[in-house]
Amino acid sequence: MEILLDKNLKMPIYIQIAEQIKTQIITKELLPGMSLPPERKLATQLGVNRSTVLNAYNSLKQEGYIEAQVGRGTIVVSTEESGPDINEVKEPCWSQLFNLQVKEFDNLLMRDTLPLINPDHVISFGLGIANPDEEPLLPFEELAKEVATNPRCKALTLTPIGGYQSLRTILAASVRKKSIPCVAEQVMVVTGSQQGIDLATRILIEPGDIVVVEAPTYFLGLQSFRAAGARIMEVPTDRNGMRIDQLELLLKRYHPKMIYTMPNYQNPSSVCMSLDRRKRLVELAQKHDIMIIEDDVYGEFHYENEELPALAALDRSGHVIYLKTFSKCISPGLRLGYMVAHKKIIETCSLVRQGEDVHPNSISQWLVEYFLSHTDMDSYLADVCERNRKKRDLMNEEILKYAPSGMTFVKPKGGIYIWCRLPDNVNASKLLEATLKRNVAFMPGNTFFLSEEGEHYIRLNFSYPKAAQIREGIRVICEETRYLSQSKKSEEIHNSELVPLY
Ligand code: PMP
């Protein structure tokens with residue numbers, strides 16, 4: 001009788017044993033009348049306590065699958081006669097079913113936190129998108145006309161794996177404006193830049209390869225790297241972005257395969273990598289033959305700085321995979337972004353993608369191509385930035401007005417987040433619990449680090465909430481931070497009073 005135990009599962013061991021025996025009885029691998037091994041023998045075979053096997057057998061007895069018979073030990077009961085109805089519809093045993101990779105997706109914090117920051121119920125600073133009321137109207141009327149006059153129009157049919165050639169040509173031209181050398185064949189339209197991260201990871205990373213990320217970093221990037229079996233190493237950031245001196249130390253000891261970075265207003269800290277560091281990073285990648293994923297999701301949102309060159313503009317060797325999205329500046333529901341990379345990378349990603357989503361959504365591509373071709377994008381983006389800049393200023397003022405001592409942050413020069421450090425004695429998850437009771441949400445910092453370091457940070461998005469919500473919500477967060485900080489202090493004093501003095 002073969003039983004496989006997984007000590008990492010949350011399911012108790014005795015249930016794992018019982019479930020597997022039950023399955024073998026139902027599938028007739030174990031037939032009525034057959035004896036099960038004595039408890040002690042099975043316990044030794046499985047390397048568990050005898051009481052664990054005893055518990056498993058007891059639960060099977062209670063369910064009518066086995067019984068103890070004098071002189072014969074424990075035997076399988078005829079399920080037709082006395083066991084439960086074998087035609088009973090039962091769910092699969094999920095915990096046994098899923099492969100090991102899926103466990104990497106089980107980010108409890110995200111699973112538990114995301115529904116809580118759902119904007120329907122709360123003032124949410126937890127998202128990373130524009131307010132839908134401020135998003136542009138997409139050209140659905142034009143699309144309807146196109147479809148009515150031409151039912152075979154390209155919005156309704158298959159596209160090449162990398163997207164419409166016409167859209168790729170437009171995107172290549174816009175990328176060249178950033179001094180990134182690019183032709184349409186180097187562009188792949190992707191289903192959001194998330195897919196770009198994932199595809200790049202899938203073609204480059206083998207289990208055990210090292211991926212370097214900034215600390216803090218974007219949590220869904222981490223998810224892709226983990227799923228590919230990567231060993232992830234963090235490099236700290238400061239006001240000038242990734243600490244390249246620290247990266248160099250790491251490179252001396254390890255040989256990473258890939259570096260994931262957000263040089264422009266990174267998520268969550270909104271810091272921008274300095275020009276010197278950008279140049280050095282590209283040099284290092286070339287010297288050590290490491291691929292860089294440059295995730296430029298927030299590159300449009302400059303409020304003060306001059307635009308710095310992208311890493312892809314500093315590289316002529318093909319070591320940079322450059323990613324952009326339409327989620328932040330047009331609409332997240334389009335699920336459209338693009339990757340710019342060496343043709344070899346694009347070709348290889350295309351091979352992998354065929355088995356994934358085949359090609360980007362045709363309707364979304366049609367809408368984006370129409371929008372880009374009929375909009376003065378420079379002035380459109382200037383308007384978006386102006387709106388965001390005002391909200392950033394408002395959030396900044398409100399935090400300054402209400403923040404208790406020990407709560408610190410740097411006013412970001414771009415992006416859509418303010419990254420706050422809480423007083424040392426306040427924990428972000430506890431704070432979220434408290435603010436949710438008052439219908440205000442944010443993203444706790446834990447998600448963005450591999451370690452526990454994030455417990456004292458919160459990420460506050462200012463592009464989604466409206467001005468009145470920023471005023472109200474920031475006041476609530478600051479008040480709750482103050483309460484927690486003070487109650488912790490009084491708890492500490494109280495506890496110290498209880499400590500016996502020797
Ligand atoms: N990268 C970063 C840094 C992000 O913040 C996000 C979205 N929050 C993404 C990638 C994914 O964006 P998309 O909607 O284009 O998949």
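Atoms within each ligand, like the ligands themselves, are counted from 1 in listed order.
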Which pairs count as ring-ring contact (aromatic ring centres under 6.0 Å, His included) when at least one residue sits in residues 302-321, sequence neighbours excluded? Tyr265-His302

Roughly how far apart are Ile474 CD1 and Phe442 CZ, rounded to 0.5 Å? 10.0 Å

Would the distance check show the side chain of Ser174 and the main-chain N or O of Leu171 forming a donor-acceptor pair, the cut-off being under 3.5 Å? yes

Do side-chain atoms of Ser463 reach the backbone of Ile129 as a donor and acceptor pair under 3.5 angstrom? yes

Return a table of N or O atom pairs, ligand 1 on one side and protein on the other, at distances under 3.5 Å, rounded to 0.1 Å.
from: ligand 1; atom 1: 1 (N); to: Asp295; atom 2: OD2; distance (Å): 2.5
from: ligand 1; atom 1: 5 (O); to: Asn267; atom 2: ND2; distance (Å): 2.8
from: ligand 1; atom 1: 5 (O); to: Tyr298; atom 2: OH; distance (Å): 2.5
from: ligand 1; atom 1: 8 (N); to: Lys328; atom 2: NZ; distance (Å): 2.8
from: ligand 1; atom 1: 12 (O); to: Ser193; atom 2: OG; distance (Å): 3.3
from: ligand 1; atom 1: 14 (O); to: Ser327; atom 2: OG; distance (Å): 2.6
from: ligand 1; atom 1: 14 (O); to: Arg335; atom 2: NH1; distance (Å): 2.8
from: ligand 1; atom 1: 15 (O); to: Ser193; atom 2: N; distance (Å): 2.7
from: ligand 1; atom 1: 15 (O); to: Ser193; atom 2: OG; distance (Å): 3.0
from: ligand 1; atom 1: 15 (O); to: Thr325; atom 2: OG1; distance (Å): 2.5
from: ligand 1; atom 1: 15 (O); to: Ser327; atom 2: OG; distance (Å): 3.3
from: ligand 1; atom 1: 16 (O); to: Ser193; atom 2: N; distance (Å): 3.2
from: ligand 1; atom 1: 16 (O); to: Gln194; atom 2: N; distance (Å): 3.0
from: ligand 1; atom 1: 16 (O); to: Arg335; atom 2: NH2; distance (Å): 2.8

N/O donor-acceptor pair under 3.5 Å between Arg459 side chain and Gly445 backbone: no

Applying the salt bridge (charged side-chain N to carboxylate O under 4.0 Å, His left out) criterion to Glu304, which one of Arg389, Lys413, Arg392 satisfies it? Arg392

